Amino acid sequence: MQRVQFVHAAGRRAIGAISLAGCALLVGCASDGSLLGSGTTTVASDTARLTRSGFLSDYARLRPTTWGQGIECWRDPALDASRYGAILVSRIAVSLRPRDGGQQTFDPKDLATLTDYFHHALVKALQPQMQIAKQPGAGVVVLRVALTDLVPTKVTDSLAGTLIPYGFVAEAGSGVATGRPAGSTPYMGETGMEMQFRDGASGRILGECRDTEIGRKYAVDANSSAVGAAQTWANGYLSSFEAWTYARDAFDKWSLLVAQRIAQLRAGQP
């Protein structure tokens with residue numbers, strides 16, 4: 001069974017110092033840690049790995065979004081988001097697909113930790129936008145979420161692979177040759193989710209979304225400098241010490257994007 005692995009705080013400080021030193025040597029990064037960011041740049045959407053678990057009602061109508069950084073969604077054209085002042089975040093389901101012809105096996109404690117973390121991240125992000133409801137009803141959106149794919153980071157491979165910081169243009173394009181997003185590597189984690197929004201009174205489906213996020217070693221952008229890549233390398237190096245850190249980064253990213261999109265819709269933005 002896969003188990004969450006933790007690093008002693010002193011070890012993290014040492015790793016951070018090494019990461020920042022490598023960053024400074026290569027690209028002249030600031031030494032105050034400001035480039036480490038929030039960690040959300042360490043995951044990227046992989047549209048080739050979107051799941052179809054049966055949790056959603058109609059996958060054919062999902063389309064790429066302009067706001068979701070790779071998230072596919074559909075929403076009811078008649079939706080008036082301003083009618084909803086509260087949201088109920090349902091208990092997160094787990095519907096994992098088999099991998100390589102076999103069943104995935106996880107420690108139940110890991111799954112409980114991950115679903116609890118995701119639920120808390122959603123509530124925290126949504127709270128400034130809407131009241132958090134405890135029961136469905138009129139004026140309440142019911143948010144249903146399923147984790148549909150989970151692949152932990154191969155910690156040993158990740159540690160070996162992230163020891164060398166951004167230094168070679170060819171390696172910066174890792175992932176593309178295998179069909180993954182630029183900057184990703186096969187040993188990084190992978191996390192899929194499917195999300196549904198329902199009317200709390202009628203049960204009518206208001207919208208549906210899905211996404212799969214994978215860990216990446218480098219933030220590769222043809223229009224950006226090596227600084228961005230070094231930043232993601234530093235974040236990735238820290239993340240690689242825990243099997244599920246990339247999953248938590250994905251949860252944070254989804255929670256923020258969903259909260260921002262709901263705020264836009266309630267404000268009447270298209």
Side-chain angles (χ1 to χ4, degrees), residues 1-12 15-16 38-46 49-56 70-71 89-126 143-162 180-181 184-196 209-217 232 235-258:
M1 292 185 180
Q2 300 290 345
R3 295 182 182 274
V4 178
Q5 301 188 28
F6 298 95
V7 178
H8 192 275
R12 280 191 176 277
I15 295 163
S38 64
T40 55
T41 57
T42 62
V43 290
S45 182
D46 190 343
R49 288 172 170 75
L50 298 175
T51 58
R52 195 183 182 100
S53 71
F55 184 78
L56 303 181
I71 296 176
V89 182
S90 300
R91 184 175 181 180
I92 294 174
V94 178
S95 177
L96 302 179
R97 63 182 173 127
R99 300 191 61 81
D100 301 324
Q103 185 66 38
Q104 296 189 76
T105 303
F106 297 101
D107 187 331
K109 292 181 180 179
D110 286 4
L111 294 181
T113 298
L114 290 169
T115 55
D116 286 349
Y117 182 94
F118 195 6
H119 187 279
H120 176 74
L122 284 166
V123 169
K124 182 179 179 181
L126 289 164
L143 172 56
R144 302 175 63 241
V145 183
L147 294 179
T148 54
D149 193 15
L150 283 172
V151 180
T153 297
K154 295 179 181 178
V155 177
T156 303
D157 292 346
S158 183
L159 287 177
T162 52
R180 291 174 174 264
S184 64
T185 54
Y187 47 76
M188 298 300 193
E190 180 178 325
T191 308
M193 71 85 186
E194 296 178 12
M195 186 176 289
Q196 186 179 77
C209 298
R210 67 173 175 174
D211 187 29
T212 294
E213 297 278 328
I214 66 173
R216 60 179 181 170
K217 181 177 178 181
T232 299
N235 287 331
Y237 190 92
L238 293 170
S239 295
S240 68
F241 279 83
E242 294 183 25
W244 297 112
T245 299
Y246 288 105
R248 296 200 299 273
D249 287 348
F251 300 160
D252 289 339
K253 180 178 181 177
W254 288 326
S255 299
L256 180 61
L257 288 172
V258 167

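All figures in this text were calculated on a predicted structure; none of them were measured in a lab.
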Partners meeting ring-ring contact (aromatic ring centres under 6.0 Å, His included) with F251 (sequence neighbours left out):
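Applying ring-ring contact (aromatic ring centres under 6.0 Å, His included) to F251 gives F118.
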Do [X] and [Y] have side chains that get closer than 4.5 Å, going by heavy atoms?
{"X": "W254", "Y": "M193", "value": "yes"}
{"X": "E194", "Y": "V145", "value": "no"}
{"X": "T148", "Y": "L50", "value": "no"}
{"X": "W244", "Y": "T191", "value": "no"}

Would you give the length of the straight line joining atom [atom1] of [X] to atom [atom2] of [Y], rounded to the nearest 0.5 angstrom?
{"X": "L56", "Y": "C209", "atom1": "CG", "atom2": "SG", "value": "8.5 Å"}
{"X": "D116", "Y": "R91", "atom1": "CG", "atom2": "CZ", "value": "8.5 Å"}
{"X": "L111", "Y": "K109", "atom1": "CG", "atom2": "NZ", "value": "12.5 Å"}
{"X": "D149", "Y": "R210", "atom1": "CG", "atom2": "CZ", "value": "12.5 Å"}

N/O donor-acceptor pair under 3.5 Å between T51 side chain and S53 backbone:
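Pair absent, no side-chain N/O of T51 close to backbone of S53.
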Kindly determine whether R49 and E190 satisfy side-chain contact (heavy atoms from CB on, under 4.5 Å), including the steps that lead there.
CA-CA 9 Å; R49 288 172 170 75; E190 180 178 325; 3.6 Å; yes
Residue from D249, L257, L256 passing side-chain contact (heavy atoms from CB on, under 4.5 Å) with K253:
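That would be L257; it is the only one of D249, L257, L256 passing the side-chain contact (heavy atoms from CB on, under 4.5 Å) with K253.
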Non-hydrogen atoms of I92 and H119 that approach each other most closely
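Scanning both residues completely, I find the closest heavy atoms to be CD1-N, 3.4 Å.
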Looking at every heavy atom in both S90 and R144, which two are closest together, and how far apart are they?
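Heavy-atom minimum between the residues: OG-CG, 4.1 Å.
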Sequence-distant partners of T115, side chain to side chain donor-acceptor pair (under 3.5 Å), two or more places apart
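Applying side chain to side chain donor-acceptor pair (under 3.5 Å) to T115 gives none.
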Check the pair E213 / D46 against side-chain contact (heavy atoms from CB on, under 4.5 Å), numbers first and verdict last.
CA-CA 6 Å; E213 297 278 328; D46 190 343; over 6 Å; no
Assess, by modelled atom type and distance only, whether the side chains of S45 and D211 contain a donor and an acceptor separated by less than 3.5 Å.
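Side-chain D/A pair, S45 to D211: present.
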